[in-house]
J.: 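Before I ask anything, here is the structure I am working with.
Predicted model only: the values in this text are computed from it and were never measured. Chain letters run A, B, ... following the sequence lines, proteins first, then strands; residues in each count from 1.
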Amino acid sequence: MSFLPKPKLHHPKLPTNALGFTRRDYEGAISTLCAGCGHDSISAAIIQACFDLDIEPHRVAKMSGIGCSSKTPDYFLGASHGFNSVHGRMPSVLTGANLANRELIYLGVSGDGDSASIGLGQFAHSLRRGVNMTYIVENNGVYGLTKGQFSATSDKGSKAKKGTINADEPIDLVGMALQLGATYVGRGFSGDKDQLVPLIKGAIRHGGAAFIDCISPCVAFNNHEGSTKSYDFVREHNEAVNRLDVILGRAPITTAYGPGELRDVVQHDGSVLRLRKLHSDYDPTDRVAAMNYLQERKAAGEIVTGLLYVDPEPSDLHASQNTVALPLNRLDDAALCPGAAALARVNAGLR
Amino acid sequence: MSFLPKPKLHHPKLPTNALGFTRRDYEGAISTLCAGCGHDSISAAIIQACFDLDIEPHRVAKMSGIGCSSKTPDYFLGASHGFNSVHGRMPSVLTGANLANRELIYLGVSGDGDSASIGLGQFAHSLRRGVNMTYIVENNGVYGLTKGQFSATSDKGSKAKKGTINADEPIDLVGMALQLGATYVGRGFSGDKDQLVPLIKGAIRHGGAAFIDCISPCVAFNNHEGSTKSYDFVREHNEAVNRLDVILGRAPITTAYGPGELRDVVQHDGSVLRLRKLHSDYDPTDRVAAMNYLQERKAAGEIVTGLLYVDPEPSDLHASQNTVALPLNRLDDAALCPGAAALARVNAGLR
Amino acid sequence: MVGTHAAADKRDERLRRQFANVNGSGSASANQLFAKSILRMGIPIASRNIFPSNIQGLPTWFEVRVSGEGHLGRRGGVDLMVAMNPQTWDRDVAEIDPGGYLFYDSTKPLPQSKFRADINVIGVPLTQMCNAAYTDSRQRQLFKNIIYVGALSALLQIEPKVIETLLTEQFKGKERLAKSNQDAFHMGRDWALANLECPIGLRLAPSDKVGDRIYVDGNSAAGLGAVYGGATVCAWYPITPSTSLAEGFERYCKRFRTEPETGRKRYAIVQAEDELASIGMVIGASWNGARAFTATSGPGISLMQEFVGLSYFAEIPSVIFDVQRAGPSTGMPTRTQQSDVLAAAYASHGDTKHLVLFPEDPRECFEMGAQAFDLADRFQQPVFVLLDLDIGMNDWLCEPFAWDDSRRMDRGKVMTAEELEAGQVFGRYLDADGDGVPYRTYPGTHPSKGAFFTRGTSRDRFAKYTEQGAAYVDNMQRLLRKFETAKAHVPRPVERPAAQPARAGVLYYGSSSAAMTEALAALEAEGVHLDALRIRAFPFHDDVLDFIARHDKVFVVEQNRDAQLRTLLMTEGGIDAARLVPILHYDGTPITARFIHAAIADKAPVLNVVPMRKAAP
Amino acid sequence: MVGTHAAADKRDERLRRQFANVNGSGSASANQLFAKSILRMGIPIASRNIFPSNIQGLPTWFEVRVSGEGHLGRRGGVDLMVAMNPQTWDRDVAEIDPGGYLFYDSTKPLPQSKFRADINVIGVPLTQMCNAAYTDSRQRQLFKNIIYVGALSALLQIEPKVIETLLTEQFKGKERLAKSNQDAFHMGRDWALANLECPIGLRLAPSDKVGDRIYVDGNSAAGLGAVYGGATVCAWYPITPSTSLAEGFERYCKRFRTEPETGRKRYAIVQAEDELASIGMVIGASWNGARAFTATSGPGISLMQEFVGLSYFAEIPSVIFDVQRAGPSTGMPTRTQQSDVLAAAYASHGDTKHLVLFPEDPRECFEMGAQAFDLADRFQQPVFVLLDLDIGMNDWLCEPFAWDDSRRMDRGKVMTAEELEAGQVFGRYLDADGDGVPYRTYPGTHPSKGAFFTRGTSRDRFAKYTEQGAAYVDNMQRLLRKFETAKAHVPRPVERPAAQPARAGVLYYGSSSAAMTEALAALEAEGVHLDALRIRAFPFHDDVLDFIARHDKVFVVEQNRDAQLRTLLMTEGGIDAARLVPILHYDGTPITARFIHAAIADKAPVLNVVPMRKAAP
Ligand SMILES: Cc1ncc(C[n+]2csc(CCOP(=O)(O)OP(=O)(O)O)c2C)c(N)n1
Ligand SMILES: Cc1ncc(C[n+]2csc(CCOP(=O)(O)OP(=O)(O)O)c2C)c(N)n1
Ligand code: SF4
Ligand code: SF4
Ligand SMILES: [Mg+2]
Ligand SMILES: [Mg+2]
């Protein structure tokens, strides 16, 4: 049995996508975040990406932890099931959900406190398992919801609104993700939607563990001078290695990788990641080189953004589990229960 | 009041160190680990290092989590207080202990399950806080105590004793430690005591967060063919970047860092790390270069060992906390309690 | 809830006002100004912030209780509503008691249907006044709050002098700001005097009932208690409503614990990566001889369970301040409850019992905040101090903090190097004194004596690992003995006997105290006599069991759904369930006197007490 | 504990043997051989492994209970000790009941002082025999075990044919190994027949009491139950004694759940990074419509508390097998207890109540292992299945597993796309049926209907976030209603009425069952009549309260220190503490019939029952 999506009735002039949905069909409840919060821009980018990709909203599962960032799944894709779980544990909940039904699209939204402080372990282990998901950290360097304490991604020397200076080494989630074997790694900035939307689109179409670190200033607690996560600071230090376009549908125009400007990476599902290179020595399909480049630029104080690494032929957890094609949550009694006759044989073997 | 250590009466011919202790004075209870377990060799190396460094045993605090590796603190330094805490949480317990008394030497012993699986978060955060400690992971790629499941440091493709192949990306604790800002990072092998003892000595004399990943084969569950943590495999793939000597006491003979063989790094406390270089392009004081080198060699299948990185002038948690010189656990009522007069002023301010 | 109860309430005034401003903006300080001005007139007040679990833009309330008798709990119902938030208008108007007052911004006319016939309406054109007086939009917003404080001062007969003084104090050094605030205040006041009938039926008369009491929140008080209690290590993870406890500790430490010569700190505060790490650090520090604590709330308590079990079984002191909020799970993070009682008392798997303290107000938060460390050191186990959001985050009027300078930290049974050197037998888990409490040594104490290996596994009296059943049982029974010993050391309950001999009693604890006192007075006025006992600690002092034994029925008043303290009473006291009648309030708001009163009056038949009809007013 | 109880025991034989070999070496399979051979003679046995918390080298025991009546619990005391471990000699010898037997390796002479006068000593020069027969040291070690099995077969009259068959089965395909084992067996047997008085006083006679029963461990059984229950996702973290449950699930899945055409799996098993992740994955999978579980032990239960609260409050099914070990903290990881009852029933901060099942043996582990998933789906909340190390890791003789092929998974109230399409009102937390149980939808069900946002915070009936007290209370009360509904759905208690009308009763649960049955028989033989009720689930079925109401005094037998189930009975049943007399065994060894017998007999005076003096033997 299948039910066709029924787009809500909107203003007739709103543009629609291939499924007949308008952008509004991808919206959610009204945000209760602070006006100007970077997180709201990321929600908008997610909405745009899903619209562009012609995704059926109800085929997305939105998961999050706890924090201002983790509230956002309520503010986009209102027709999707969402799960605002507990602090720092989105990755395990998402992993379980993914195991249960391999057919949905999994979108994990988290904060820097949620993923780099309390949730660092789950962040790491979900990536190394290759869970097929788009994992976005809305990174503002502070705990927004609890009013402005430093998080573990705060840079050493960054100044809090109240004046204290952060003394601990920061955790660079992108560096971690690369080390941990994530197969799609990007960094965006909530202030640059043009860059962010395709990053998200590429991640959603990626068939493995896709991670996006999205710097997302907190206007309430971390947008002052001295902060390294303010709009101004990020704008000044942002160094994009490439610009991405995600091309769907027809056969890709495979551009050779010359000294020129464009490079096409074809993902497993046929989607094409078209990269316009901004740094000529950057190859986003070479993990070790990417790590090295990022370490160096970080040491030089740059915030490198763009599609930083992609493995166009990723594996995923279902592959390593070797699960059946049908989602596990659709298997019925016949497929699951061995029955009385088999049990009699088990009993016989136990005498 | 001070009590002089009273070495036990031993065979008169046993060599003694500067404090008059013999190696026996640094031993602990009899090990209950399997015969041949790598962990026992690490215990022996710790004993040797403490003997060599003329450490008063009771000035060491030994902490661990849960696992075969975490049992070992019972098997060395019997005159020290030890703390076998809960699984994966040694780092926080050690951090607290360190805060309470900055004058003791903190030795944290953990396993790969303990530190890379359940304990990854605490591992990371203790390093980025710069806790002054020697943190050793006795890395056998399996859960020994629970009988041989893969741990998170198991290499992808490594074969379990029962035959299953590990599908998840491994966590490289050395790579993590470097990213997280540890100021002393080494990798050793329990089968190479000559390399390991000075690594531990250097770590103990280091004034910040020192981490040693020590590969330590599990003879019961991970020493078979197909395992990448077996004695044979590690011996074959071991690539030492340098050999270390730790020189104490008199003024260091500062050898210039030429194209030649030796390099002396003087640590903050005056101890000299004398490095005999085995790879001429390896500079253990350049964090980014070290990370890059390690990524590359790892990709090439090598197990790089040696002193991988050191910051000879590390900071530590007490520095960033700006705590008083006297250990906090020695502050008395007068130093801690503001008293009734101050309270009267507090009250007055609350009316 | 039942309606207003006559006479006693006639003399009550209670104000509740709403504002739609952002948390932390001017309105909050205007609220404080209003509350403090009443206090400065010598009139006891109780104030409560009611705020949402987000940062900006959602409705917030500030509730002020003023009572002639000096009752400081919530009464229930509203006499004067300052309705500044259109978003919540209907709900706010509905909440006013019949005959009460509605104060609102009358700039924009509202349809008649938006009001009620049975209340008095006071409109002040606040926006219009602001727009006329200020051009800057920020100023308009800011001063609007001060203007309505001015108007209220006229309506309620608050002395203008008092507010002037408060403003001068607040803006010390910023004279221009002080001046413009004074002006705004008078603008409102003058408008009200000129255009409204002042004062209204609710009026404030200077009094001397405040005395030397202080006005402070429980979290700050507990933080200060930890300073006085000698805590040097605080490891915490931010969570509402406990964050301000760690912050309070830091504030007072900065003031009192900075080494004058060097500027260095006699304390360490670590914002840990999570609650597991926080409690781990506390245990590590305590093991190593420092006094250490953490502050958290429900979810943190759940995450700390494993470590709490270690602290119990390995016998390492730990102090955990749990500022309770409404559970379960994330629950209502900005609402109050007393629902972590069981999670604290029996925390962790296996057989465990922990010490729990229940402060009734900030003064006890201070006192117990200090005492918790003595108890933890003496009994070498976890000590929970159970605050709740109501005590923790609201300013309460309470007795001033007190400290006896001859008091010394009780570090418990710690064997020193001298004692070891003198040959005293040291068995880490040996019950040398027969009270169940063993001796410990700090690491690094002595070169060759007194070292031991701490573990969460079973061991013998000399800390050697063992799996022998007899040794295990021996140890577990000693732990029970220790718990028994603790009964006489924890804070005793406080009894408040009824005016007449009573066959029924009531037990209560923590933040229910103020509302309880008021409810008891109201019941007594109706001829319902109850002996009352305020429980201050678990394990229960013998007095608690005596009290129950002396009464046929005992009400147990709690702010949770499942009567959690009652479970402890039955289990530990062996008390018949039928004799313990639960009175439960758990909607997340602080319990009110009216609620308790009604709930008990409802059950009066079970007491075989016929309440006297009260005389006509 | 008290001494042996006469007549009934005369027909009992009980063997306990020790070996110092490494876990997993030949001795373990020799033990199995010995045990199985008795079983194959049709004689019921119960066997228990007692092992340390390490991998190699420390002492291990294997205990076999043989009882003419077919009692399968532990009796207490040892009749025949096979003392193979010099390390534990003294302790082992001391444990033998007067008149019992000591079997040992007599190769090296031992001084007289090492023996006891009141026991029978049987020496066999095992080492000498091995050294003579084998040159390889591994062989010497290996075959020594088979040799003593041979000797024991002669001493106890075990049929050699049975053992030969077992060896043939065991070494199928490895005929040479089978042969050499047969030889070793006969070497021991022949030596004993030639040199010892065979049989001894304890002898085994073929019987038919085993019937069609099976011999299996509870963890495997529970894992199989999860397969039959339709679980598809298992997320776990290794911990003794629960590891073999996940392994059992995997083993049976490999066998029954591999898609024949593709070799792909109809299940997923993730070894998570810790217990927090395990339960998180379970919740995620269940939320998404798969049946999912985790298996753990005490420390894991502590770590899962926060997530369990989420599962309760957000109403997401989760199944948690807790194979209990001795707590608190790390406790005794290889010893048994029933001490996580409270930690499970009231897991997490805030007001919570969870479903808990108590299987008595592997058969019930299977049954409840399947049923737990129906209950979790139906009630949308955590369901704990409380095994313990004794049931979980030992092979038990029990009724064969049974399955009705007409049985279908009860997926509970799941609204389908068709129903949504047909316009059914969907409110995620709406009590549409008045039983407290709401409807849910699986993610991805319908393009425009039925989606909702799951959260651990409070929300209204339509899953919209709210902080309104009334909506919160409404929801919390519905959760109580749901719990009430569950009472009739969880497994009913099983009553075993006394032979004569009894005024006293006894309650027990889980692995105490077998020892209880034996103790009841012994008490009955002495004239102490007790009605007995085995509790199988929390919340308590009305039958439990009825049972208590029908008796003046009720013993509650538990394997923990703090009488945890008794706490639940008082709290949930409102039962007077004085009527519930705790009988507590908690030294980490499985409870014995003798212990229960003695403890109850001790308290017989409280029953006003004078036990009849037993006739002289
Ligand atoms: C177990 C637990 N501890 C603490 C909290 C309190 N808390 C809520 S959100 C948060 C931090 C959120 O920071 P981040 O993930 O960076 O999100 P942001 O608000 O900055 O977007 C904390 C500590 C909680 N909800 N649960
Ligand atoms: C909370 C918790 N979960 C699980 C366990 C069981 N456990 C004990 S040791 C161990 C793994 C140890 O592995 P590792 O740290 O690598 O140590 P090794 O034994 O290999 O030296 C586990 C899972 C435990 N003790 N506590
Ligand atoms: S507090 Fe910061 S992170 Fe939270 S909503 Fe406001 S701006 Fe965003
Ligand atoms: S199981 Fe492995 S890690 Fe544990 S003691 Fe034996 S060899 Fe060492
Ligand atoms: Mg953040
Ligand atoms: Mg290991």
Side-chain angles (χ1 to χ4, degrees), chain C residues 52-53 297-299 301-303 305-306 308-310 312-314 324 326-335 337 339-340 342-343 346 348-353 455-458 467 469-470 472-473 476-477 480 560-564 566-567 570-571 573-578 586-589, chain D residues 52-53 297-299 301-303 305-306 308-310 312-314 324 326-335 337 339-340 342-343 346 348-353 455-458 467 469-470 472-473 476-477 480 560-564 566-567 570-571 573-578 586-589:
Chain C
S53 178
S297 188
I301 294 295
S302 282
L303 289 172
Q305 298 278 318
E306 189 193 18
V308 170
L310 177 71
Y312 175 77
F313 197 51
Q324 298 166 97
S329 194
T330 307
M332 296 193 286
T334 58
R335 296 290 182 268
Q337 242 176 25
S339 58
D340 296 344
L342 277 179
Y346 294 150
S348 210
H349 63 280
D351 291 304
T352 62
K353 292 167 195 263
R455 37 164 73 88
T457 42
S458 58
E467 288 167 351
Y472 169 85
V473 168
M476 289 296 279
Q477 285 176 342
L480 284 183
N560 60 56
R561 184 192 68 180
D562 292 343
Q564 299 189 14
R566 179 170 172 268
T567 294
M570 292 191 293
T571 305
I575 293 159
D576 185 359
Y586 59 96
D587 73 357
T589 61
Chain D
S53 176
S297 188
I301 294 294
S302 282
L303 288 172
Q305 297 279 318
E306 190 193 17
V308 170
L310 177 71
Y312 174 78
F313 197 51
Q324 298 167 98
S329 193
T330 307
M332 295 193 290
T334 59
R335 297 290 183 267
Q337 242 175 24
S339 59
D340 296 343
L342 277 179
Y346 295 150
S348 209
H349 62 280
D351 292 304
T352 63
K353 293 169 195 262
R455 38 164 71 88
T457 42
S458 57
E467 289 167 350
Y472 169 85
V473 168
M476 289 295 279
Q477 284 176 343
L480 284 183
N560 61 57
R561 183 193 69 180
D562 292 342
Q564 299 188 14
R566 181 172 171 266
T567 294
M570 293 191 294
T571 305
I575 294 158
D576 186 358
Y586 59 96
D587 73 357
T589 61

J.: Quick check on the interface: out of D:Gln564, D:Gln324, D:Arg561, who has the most heavy-atom pairs with chain C under 4.5 Å?
T.: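 Among D:Gln564, D:Gln324, D:Arg561, the one with the most close pairs to chain C is D:Arg561.
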J.: Name the member of D:Gly588, D:Ala577, D:Gly331 that forms the most heavy-atom pairs with chain C at distances under 4.5 Å.
T.: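 Heavy-atom pair counts peak at D:Gly331.
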J.: Provide the closest heavy-atom pair for D:Thr457 versus C:Pro333 in the form atom of the first, atom of the second, distance.
T.: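 Scanning both residues completely, I find the closest heavy atoms to be CG2-CD, 4.3 Å.
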J.: The criterion is ring-ring contact (aromatic ring centres under 6.0 Å, His included); which residues satisfy it with C:Tyr312, sequence neighbours excluded?
T.: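 By the ring-ring contact (aromatic ring centres under 6.0 Å, His included) rule, C:Tyr312 matches C:His354.
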J.: Given heavy-atom pairs under 4.5 angstrom as the criterion, report whether the side chain, backbone, both or neither of C:Ser53 touches chain D.
T.: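 The answer is both parts of C:Ser53.
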J.: Please assess D:His349 against C:Gln337 for the test side chain to side chain contact (heavy atoms under 4.5 Å, CB included), listing each intermediate value before the final yes or no.
T.: CA-CA 11 Å; D:His349 62 280; C:Gln337 242 176 25; over 6 Å; no
J.: Checking side chain to side chain contact (heavy atoms under 4.5 Å, CB included) for the pair D:Thr352/C:Asp562: CA distance, chi angles, key distance, verdict?
T.: CA-CA 8 Å; D:Thr352 63; C:Asp562 292 343; 6.0 Å; no
J.: Looking at chain C, which one of D:Gly456, D:Gly469, D:Ala470 has the largest number of heavy-atom pairs inside 4.5 Å, strictly under?
T.: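 The option with the most such pairs is D:Gly456.
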J.: What pair of heavy atoms forms the shortest contact from C:Ser329 to D:Gly309, and how long is it?
T.: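 Closest approach of C:Ser329 to D:Gly309, heavy atoms only: CB-O, 3.7 Å.
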J.: Are D:Ser302 and C:Ser348 linked by a side-chain donor-acceptor pair shorter than 3.5 Å?
T.: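 Judged by distance alone, the side chains do pair up.
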J.: Pick one of side chain, backbone, both or neither for D:Glu306, based on which atoms fall under 4.5 Å of a heavy atom in chain C.
T.: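 When you check distances to chain C, atoms from both the backbone and side chain of D:Glu306 fall under 4.5 Å.
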J.: Tell me which of these, D:Lys353, D:Gln477, D:Arg455, has more heavy-atom pairs under 4.5 Å with chain C than the rest.
T.: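 Looking at each of D:Lys353, D:Gln477, D:Arg455 in turn, D:Lys353 comes out on top.
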J.: I'd like to verify something: which residue of C:Asp351, C:Thr330, C:Asp576 has the highest number of heavy-atom pairs under 4.5 Å with chain D?
T.: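 Greatest number of close heavy-atom pairs with chain D: C:Asp351.
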J.: Side chain, backbone, both or neither: which part of C:Leu342 has an atom under 4.5 Å from a heavy atom of chain D?
T.: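 Looking at C:Leu342, just its side chain touches chain D.
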J.: Can you tell which of D:Gly574, D:Pro299, D:Ala314, D:Ser458 has the highest number of heavy-atom pairs within less than 4.5 Å of chain C?
T.: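 Heavy-atom pair counts peak at D:Pro299.
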J.: Is it the backbone or the side chain of D:Glu467 that comes under 4.5 Å from a heavy atom of chain C, or both, or neither?
T.: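 Contact with chain C: backbone and side chain both.
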J.: So which part of C:Arg335 gets closer than 4.5 Å to some heavy atom of chain D, the side chain, the backbone, both or neither?
T.: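 Only the side chain of C:Arg335 comes within 4.5 Å of chain D.
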J.: Which heavy atom of C:Met570 sits nearest to which heavy atom of D:Thr571, and what is that distance?
T.: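 Reported closest heavy-atom pair: CE-CA, 3.6 Å.
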J.: Could you check which of D:Pro328, D:Ala343, D:Gly350 has the highest count of heavy-atom pairs closer than 4.5 Å to chain C?
T.: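 Going by pairs under 4.5 Å, I would pick D:Pro328.
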J.: Who among C:Ala578, C:Gly327, C:Ser339 has the most heavy-atom pairs with chain D under 4.5 Å?
T.: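 With the most close heavy-atom pairs to chain D, the winner is C:Ser339.
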J.: In terms of heavy-atom proximity below 4.5 Å to chain C, should D:Tyr586 be classed as side chain, backbone, both, or neither?
T.: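 Both backbone and side chain.
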J.: Would you mind telling me which of C:Thr334, C:Asp340, C:Val308 has the largest number of heavy-atom pairs within less than 4.5 Å of chain D?
T.: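 Highest number of pairs under 4.5 Å: C:Asp340.
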